[in-house]
Amino acid sequence: MSSQTSPIQPLPRHPLSAADVPAVEEEHLTEVERDSLSARITALLRERDAVLVAHYYTSADLQRLAEATGGCVSDSLEMARFGHAAKARTLVVAGVRFMGETAKILNPEKRVLMPDLEAECSLDLSCPADEFAAFCDRYPDRTVVVYANTSAEVKARADWVVTSSIAVKVARHLKERGEKLIWAPDRYLGDYVQKTTGADMILWQGSCVVHERFKAEGIAELKLEHPEAAVLVHPESPARVIALADVVGSTTQLIRAAAELPNPVFIVATDNGIFYKMREVAPGKRLIEAPSGGRGATCVSCAHCPWMAKNSLRKLLHVLETGANEIHVDPVVGRRAVRSINRMLEFAGQSGIAVAGLSGD
Ligand code: 13P
Ligand code: SF4
């Protein structure tokens with residue numbers, strides 16, 4: 001059946017109940033405990049020929065340690081690139097499961113460990129591979145583009161994988177080639193990409209439980225209070241929030257904006273784990289967390305990803321000591337998925353899009 005003749009029927013949102021979203025865990029450590037754990041982890045990383053690859057949403061302790069031990073702290077695209085280029089035989093991925101799986105898909109010969117295998121992502125959970133494959137089968141003439149925040153099986157069904165740092169560029173490129181798209185799973189990112197590029201896209205209806213809670217009214221009020229502020233927004237946020245943004249971008253792009261824009265104040269609509277790096281690169285600037293619950297409301301996860309928060313120094317030490325929590329990807333699935341991931345990495349390289357960390361671009 002062709003998309004020309006079939007009515008477009010976006011799937012209803014795959015619902016997540018509040019029970020699917022864990023409480024945010026915080027690791028409380030004394031300075032002595034932190035130093036002792038960090039020293040033991042540093043020694044074990046060396047002994048085990050391992051490198052730590054961490055996302056900006058993990059704790060400051062993990063980010064600091066990744067940098068101090070020659071690992072990397074970055075957005076999801078650069079995490080994939082760094083892990084691929086790293087010489088170490090073991091990659092320890094402090095982030096959420098799709099990041100560990102992507103590392104394994106790109107490096108099947110390496111051992112990939114994660115501090116906590118229950119570190120999920122609501123976007124990944126919203127897009128079961130079998131339902132997604134059936135959805136794609138209804139539109140066989142459409143190019144299937146999936147966000148990195150998906151399972152290995154969903155990536156294996158896709159033609160392209162994208163991350164937030166490259167999504168607009170890939171969609172524009174495909175539009176110029178006359179291709180129509182299926183986009184999954186983030187409906188807000190999809191909506192933003194569709195409006196920005198004018199591409200013909202059918203959107204899966206997933207969402208991020210953290211970003212979808214940011215409130216446009218609260219941000220507008222903050223803007224009135226702080227007319228000198230710039231608003232930095234991750235594109236997993238709702239359209240009304242994106243409409244208020246001075247900069248829309250991936251975590252790396254938002255951190256760079258905080259460093260480079262002249263504004264003395266930033267209202268930041270993304271996970272507050274990002275503040276660790278933003279403070280480092282933009283010292284002296286005031287960073288305000290965008291309101292996520294609305295006045296008087298309670299949010300399930302207020303500006304902090306409960307799955308990213310599952311990563312901790314204690315768990316990291318445990319996996320290095322025991323080799324627990326290894327990521328396995330079915331080799332057949334991995335061989336299919338790697339094509340769509342490599343397409344993105346090659347596109348980034350060919351277009352001269354430097355997606356390296358903060359010193360890149
Ligand atoms: P980035 O690729 O921008 O780091 O985003 C990953 C993510 O999960 C944001 O919620
Ligand atoms: Fe997924 Fe949202 Fe957490 Fe990012 S912040 S990992 S999109 S649930």
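Only a predicted model underlies this, so the values are computations on that prediction, with no experimental measurement involved. Whatever order the structure lists them in is the order used to number ligands and atoms, beginning at 1.
- With a 4.0 Å cut-off on non-hydrogen atoms, T270 does not touch ligand 1 at all.
- The protein non-hydrogen atom at the shortest distance from atom 6 (C) of ligand 1 is H55 NE2, 3.7 Å.
- Of the polar atoms of D75, none of the N or O atoms is found under 3.5 Å from an N or O of ligand 1, judged by distance alone.
- W160 and H173 have perpendicular rings, their planes meeting at more than 60° on a 0 to 90° scale where under 30° would count as parallel.
- Every N/O-N/O distance between S74 and ligand 1 stays at or above 3.5 Å.
- Contact annotation: Q253 has no heavy atom less than 4.0 Å from any atom of ligand 1.
- Ranking protein heavy atoms by distance to atom 8 (O) of ligand 1, first place goes to N149 ND2, 3.1 Å.
- Aromatic ring orientation, Y57 versus H55: perpendicular (interplanar angle above 60°, classes split at 30° and 60°).
- By the 3.5 Å distance cut-off applied to N or O atoms, S250 is not counted among the residues near ligand 1.
- Inspection of the environment of atom 3 (Fe) of ligand 2 yields the following protein N, O or S atoms under 2.8 Å: C305 SG.
- Protein heavy atom nearest atom 5 (O) of ligand 1, with residue, atom name and distance: H234 NE2, 3.4 Å.
- For atom 10 (O) of ligand 1, the closest heavy atom belonging to the protein is E236 OE1, 2.7 Å.
- Residue-ligand proximity: C208 is placed with every non-hydrogen atom at 4.0 Å or more from ligand 1.
- Of the polar atoms of T163, none of the N or O atoms is found under 3.5 Å from an N or O of ligand 1, judged by distance alone.
- By the criterion of a heavy-atom distance under 4.0 Å, neither the backbone nor the side chain of Y56 is placed next to ligand 1.
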